[in-house]
Amino acid sequence: MMCVCDESVLRALLLLVSVCVSLAGAFSQSLDSDFTFTLPPGHKECFFQTMRKDASLEIEYQVLDGAGLDVDFYLSSPSGHVLVSDFRKSDGVHTVETEEGDYMFCFDNTFSTVSEKIIFFELILDNMDDGQDPEDWKEFVQGADLLDMKLEDIMDTINSVKARLGKSLQIQTVLRAFEARDRNLQESNYERVNVWSCTNVVLMVVVSCIQVYLLRSLFDDKRKTRS
């Protein structure tokens with residue numbers, strides 16, 4: 001009886017350790033990343049992302065500020081072939097199935113000689129595991145039915161929660177980018193409205209002074225009286 005209890009305790013400890021290791025491995029690697037940078041006029045910025053074979057690369061970008069809210073974008077494969085190209089667009093979303101190597105994506109503002117652009121982009125990488133079998137923990141829990149635990153259901157639930165949390169973070173990041181672009185547009189329109197309002201006020205004052213002067217000149221008697 002004592003041996004059975006010790007064996008059950010040992011299996012329970014192995015189970016807890018393996019689940020903790022699996023959770024640490026599942027949450028330690030982030031497959032989403034985002035970046036915001038300023039692209040000067042007449043310049044081009046390129047970035048590189050190392051990908052595995054049969055993985056998925058999704059790129060979403062937005063021009064947050066700058067005249068025209070547009071930029072040129074293209075994505076190249078490790079062999080140098082241009083996979084995606086956008087011309088003078090304010091935003092875009094592209095997904096490609098990848099091969100082994102470094103992918104290059106560039107933002108081009110060489111067509112503009114005056115205005116700089118503030119650009120936000122986000123990378124979403126799928127199927128970027130390192131080849132380790134995520135089910136290796138099962139070999140440590142043979143006979144775990146004595147504990148009456150459904151480990152597969154637990155792991156499925158945890159993975160589902162992790163995926164939904166990642167999707168929520170992605171949506172929040174995109175919404176923040178839209179909010180920043182809308183705020184920049186509103187501030188720009190606010191400045192334009194103020195400038196034109198001041199200009200109209202000055203013109204109205206000048207026109208009013210001219211009209212008063214003309215009316216007074218019409219009723220001004222310039223004839224000289226003889227004594």
Side-chain angles (χ1 to χ4, degrees), residues 26-132 159-160 162-192:
F27 286 95
S28 60
Q29 183 180 10
S30 176
L31 300 180
D32 299 343
S33 59
D34 57 85
F35 186 59
T36 302
F37 69 99
T38 300
L39 183 60
H43 286 71
K44 179 175 68 173
E45 290 287 346
C46 294
F47 303 86
F48 295 86
Q49 175 62 48
T50 302
M51 298 297 298
R52 296 180 179 273
K53 186 178 180 181
D54 297 329
S56 176
L57 171 63
E58 180 178 345
I59 302 178
E60 179 173 358
Y61 70 90
Q62 297 179 27
V63 182
L64 301 181
D65 195 14
L69 293 178
D70 53 359
V71 72
D72 291 343
F73 170 83
Y74 65 88
L75 171 65
S76 299
S77 66
S79 59
H81 296 290
V82 178
L83 303 177
V84 176
S85 59
D86 292 338
F87 299 98
R88 308 291 291 271
K89 287 191 175 181
S90 61
D91 56 75
V93 180
H94 303 286
T95 304
V96 295
E97 299 297 327
T98 63
E99 58 187 19
E100 188 79 19
D102 295 331
Y103 282 75
M104 179 180 70
F105 55 98
C106 298
F107 299 91
D108 192 350
N109 193 33
T110 55
F111 60 85
S112 177
T113 58
V114 178
S115 176
E116 67 179 14
K117 307 294 173 62
I118 298 179
I119 299 175
F120 161 84
F121 69 87
E122 182 180 19
L123 298 179
I124 302 175
L125 313 180
D126 291 329
N127 300 327
M128 289 291 290
D129 53 348
D130 55 1
Q132 296 181 353
N159 291 330
S160 177
K162 177 178 178 291
R164 294 186 180 184
L165 287 176
K167 189 64 176 179
S168 299
L169 290 176
Q170 176 190 353
I171 294 175
Q172 290 177 359
T173 302
V174 173
L175 290 178
R176 284 197 299 268
F178 276 115
E179 180 185 0
R181 184 172 67 177
D182 293 340
R183 182 174 64 251
N184 292 330
L185 284 174
Q186 292 176 359
E187 291 177 353
S188 178
N189 292 334
Y190 176 76
E191 293 177 357
R192 292 180 182 179

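Every heavy atom of this structure was used, including side-chain atoms; hydrogens, water molecules and symmetry mates were not.
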Residue set satisfying side chain to side chain contact (heavy atoms under 4.5 Å, CB included) with T98, at least two apart, ordered chain then number -> M51, A55, L57, V96, Y103

Where is the tightest heavy-atom contact between S115 and A67, given as atom of each residue plus distance? OG-N, 2.8 Å

Atom of V63, atom of K89 and distance for their closest heavy-atom approach: CG2-O, 3.9 Å

Look at the aromatic rings of F105 and F47 and report parallel, tilted or perpendicular, splitting at 30° and 60°. parallel

Interatomic spacing from NZ in K117 to CG in D72 - rounded to 0.5 Å: 8.5 Å

Hey, could you give me the CD/CD distance between E122 and E58, rounded to the nearest 0.5 Å? 8.0 Å

State, with a plain yes or no, whether a side-chain heavy atom of S56 is found less than 4.5 Å away from one of E97. yes

If you define the side chain from C-beta out and look only at heavy atoms, does anything of F37 sit under 4.5 Å from F107? yes

Non-hydrogen atoms of R52 and E100 that approach each other most closely: CA-OE1, 3.6 Å

Give me the atom names and distance for the closest heavy-atom approach of V71 to L39. CG2-CD2, 4.0 Å

Any chance you could measure S77, atom OG, to D102, atom CG, to the nearest 0.5 Å? 11.5 Å

Does some side-chain heavy atom of I59 sit less than 4.5 Å from a side-chain heavy atom of Q49? no

In chain order, what residues pass the ring-ring contact (aromatic ring centres under 6.0 Å, His included) check against F120, with sequence neighbours excluded? none

Table please: side-chain donor-acceptor pairs of residues 80-88 below 3.5 Å, with sequence neighbours left out.
residue: D86; atom: OD2; partner: Y61; partner atom: OH; Å: 2.7
residue: D86; atom: OD2; partner: H94; partner atom: NE2; Å: 2.7
residue: R88; atom: NE; partner: D70; partner atom: OD2; Å: 2.9
residue: R88; atom: NH2; partner: D70; partner atom: OD2; Å: 3.4

Are any non-hydrogen side-chain atoms of P41 and V114 less than 4.5 angstrom apart? no

Can you find a heavy atom in the side chain of L64 that is under 4.5 Å from one in the side chain of I119? no

Side chains of N109 and H43: closer than 4.5 Å at any heavy-atom pair? no

In terms of heavy-atom contacts, P40 and E116 come closest through CA-CB, 4.0 Å

